[in-house]
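We're numbering straight along the sequence, starting at 1.
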Amino acid sequence: MNSTGELVEVVLPGRVEPEGLRLRHGAVPAPGPGQVVVRMEATGVSFAEQQMRRGRYYDQPPFPFVPGYDLVGTVLAAGEGADPGLTGTRVAALVKVGGWASHVLVDAADVVPVPEGVGAAEAETLVVNGVTAWQMLHRKARVRAGHTVVVHGANGGVGSVLVQLALAAGARVIGTASARHHDALREQGVVPVDYRAGDVAARIRTLAPGGVDAVFDHVGGRGISGSWRLLAPDGTLVSYGSASTRDDEGSKQWPVLKLLFRVWLWNALPNRRRACFFNVWAGRALSKSRFRSRLRADLTQVFDALRRGEVTARIAAQLPLARVSEAVRLAESGTVAGKVVLTP
């Protein structure tokens, strides 16, 4: 695939098996006013695309569309009103859809520079996962040195970054994961708990009898109440997904609405604890400029943590766009650690 000539993108035509994803070829788009064309160097398979493939992501566009939540690449051309100095620079962007393509149109105001010396695939593992982890940890739960936190799915895409950022902040981390990941977690300084063995909440309570300062829960569903009960006074529950409903049928909004109602109810009770449902896009509709400055600041912090060695980029595999079906199967298999990255 050459650098300028042809656009190649992956189309999700409907609710299909991974083999049903299609490749589409076309002309490379020209940037409109305030836009840049980014030549993709790395994009990833995240939980969002796994949900979208099943028609279960709560605000996905109508089929058919090009998935791809985030990407890293080099700016090929800048449109009128966009900074011409961006051309030739490596940038990261959070797009929600459209990233699984060789060339992507992005608003110039939405791109974040990638520091020198950080590779495209490395940076890609930390765009949506890194920003999500950073904002939940520092903006929502305000975790500080000496705090004890619980990270569910400590080996997952967001979970593994959360663990590293929490340890860098000086927190004690209890992480749930399947037993095969426990040695690796211990080496990092995490206290591991097997989420498949019996009453997880009871075992965490023996490790933190007074409760914990924060719980990060991507599972949702019935287990969320157990997460809430782990909190110490002044503790924070951050719910950021409903992974437990991935394979469900029925309404895709309902699991999220149930979670939101629960969070509202808990916050209405006089109990000195708080709950929040984290969505990385929250606030964008109200103030685009505030959203963008926050995203830029936080992603820059994550890239700095990567350069300091506080966070490692975990690349599970790198596959070209043409092998996207294989990449999705691998990401959904639960057998890999880190992010499955797609390249042109």
Side-chain angles (χ1 to χ4, degrees), residues 1 6-29 35 37-73 92-107 110 120-121 124-125 127-129 132 156-158 218 240-256 279-281 284 316-336 339-344:
M1 195 175 293
E6 187 187 37
L7 168 72
V8 180
E9 52 191 3
V10 174
V11 179
L12 179 57
R15 288 178 57 176
V16 293
E17 289 302 306
E19 291 69 28
L21 290 158
R22 299 274 170 262
L23 285 185
R24 182 167 69 194
H25 299 254
V28 173
Q35 289 184 320
V37 175
V38 179
R39 187 178 74 238
M40 184 272 284
E41 294 172 77
T43 180
V45 185
S46 62
F47 184 69
E49 289 96 20
Q50 300 179 30
Q51 294 273 67
M52 288 177 190
R53 184 175 76 69
R54 295 166 169 80
R56 307 263 336 140
Y57 192 78
Y58 64 98
D59 64 347
Q60 69 188 68
F63 296 119
F65 64 93
V66 176
Y69 212 88
D70 58 3
L71 73 142
V72 171
L94 198 59
V95 289
K96 197 184 280 190
V97 293
W100 289 3
S102 60
H103 300 77
V104 183
L105 278 179
V106 186
D107 283 348
D110 286 328
E124 160 56 30
T125 66
V127 184
V128 64
N129 290 352
T132 298
V158 176
H218 67 303
Y240 66 102
S242 50
S244 62
T245 67
R246 188 184 80 172
D247 296 314
D248 288 5
E249 295 296 322
S251 163
K252 58 178 179 270
Q253 277 86 15
W254 185 236
V256 176
N279 169 14
V280 76
W281 298 98
R284 193 173 195 273
Q318 290 189 64
L319 293 161
L321 279 179
R323 290 169 65 189
V324 66
S325 306
E326 206 178 317
V328 171
R329 282 254 177 245
L330 188 62
E332 294 189 13
S333 68
T335 60
V336 293
K339 190 148 193 184
V340 176
V341 173
L342 291 165
T343 61

Measure across [X] and [Y] and return the closest heavy-atom pair with its distance rounded to 0.1 Å.
| X | Y | value |
| --- | --- | --- |
| Ala93 | Val106 | CB-CG1, 4.0 Å |
| Pro13 | Pro64 | CA-CB, 3.9 Å |
| Ala322 | Leu23 | CA-CD1, 3.8 Å |
| Val280 | Leu94 | CG2-CD2, 4.1 Å |
| Ala316 | Val336 | CB-CB, 3.8 Å |
| Gly98 | Val104 | O-CG2, 3.5 Å |

Counting N and O atoms only, with roles assigned by atom type, does the side chain of [X] sit under 3.5 Å from a partner on the main chain of [Y], one being a donor and the other an acceptor?
| X | Y | result |
| --- | --- | --- |
| Arg15 | Arg54 | yes |
| Gln35 | Leu105 | no |
| Trp100 | Tyr69 | no |
| Ser102 | Pro344 | no |
| Glu41 | Ala120 | no |
| Glu49 | Ser46 | yes |
| Glu326 | Arg323 | no |
| Thr343 | Ala42 | no |

Quick check: do [X] and [Y] have side-chain heavy atoms less than 4.5 Å from each other?
| X | Y | answer |
| --- | --- | --- |
| Arg329 | Glu19 | yes |
| Tyr58 | Asn279 | yes |
| Arg53 | Glu17 | yes |

To the nearest 0.5 angstrom, please state how far the [atom1] atom of [X] sits from the [atom2] atom of [Y].
| X | Y | atom1 | atom2 | answer |
| --- | --- | --- | --- | --- |
| Asn129 | Glu124 | CG | CD | 8.5 Å |
| Phe65 | Lys96 | CZ | NZ | 11.0 Å |
| Phe47 | Glu332 | CZ | CD | 9.0 Å |
| Gln51 | Tyr57 | CD | OH | 8.5 Å |

Quiz prompt | salt bridge (Lys or Arg N to Asp or Glu O under 4.0 Å) involving Asp110 - partner list, sequence neighbours excluded | solution =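 Asp110: salt bridge (Lys or Arg N to Asp or Glu O under 4.0 Å) contacts with Arg284, Arg292.
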Quiz item: Got a sec, which residues hit salt bridge (Lys or Arg N to Asp or Glu O under 4.0 Å) with Arg24, two or more places apart in sequence or on another chain?
Solution: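 For Arg24 the salt bridge (Lys or Arg N to Asp or Glu O under 4.0 Å) partners, ignoring immediate neighbours, are Glu9.
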Self-check item: side-chain contact (heavy atoms from CB on, under 4.5 Å) between Leu21 and Val11, worked out
Solution: CA-CA 6 Å; Leu21 290 158; Val11 179; over 6 Å; no
Exercise. Could you tell me which residues satisfy side-chain hydrogen bond (donor to acceptor under 3.5 Å, both in side chains) with Tyr240, sequence neighbours excluded, listed by chain and number?
Key: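 Partners of Tyr240 under the side-chain hydrogen bond (donor to acceptor under 3.5 Å, both in side chains) test: none.
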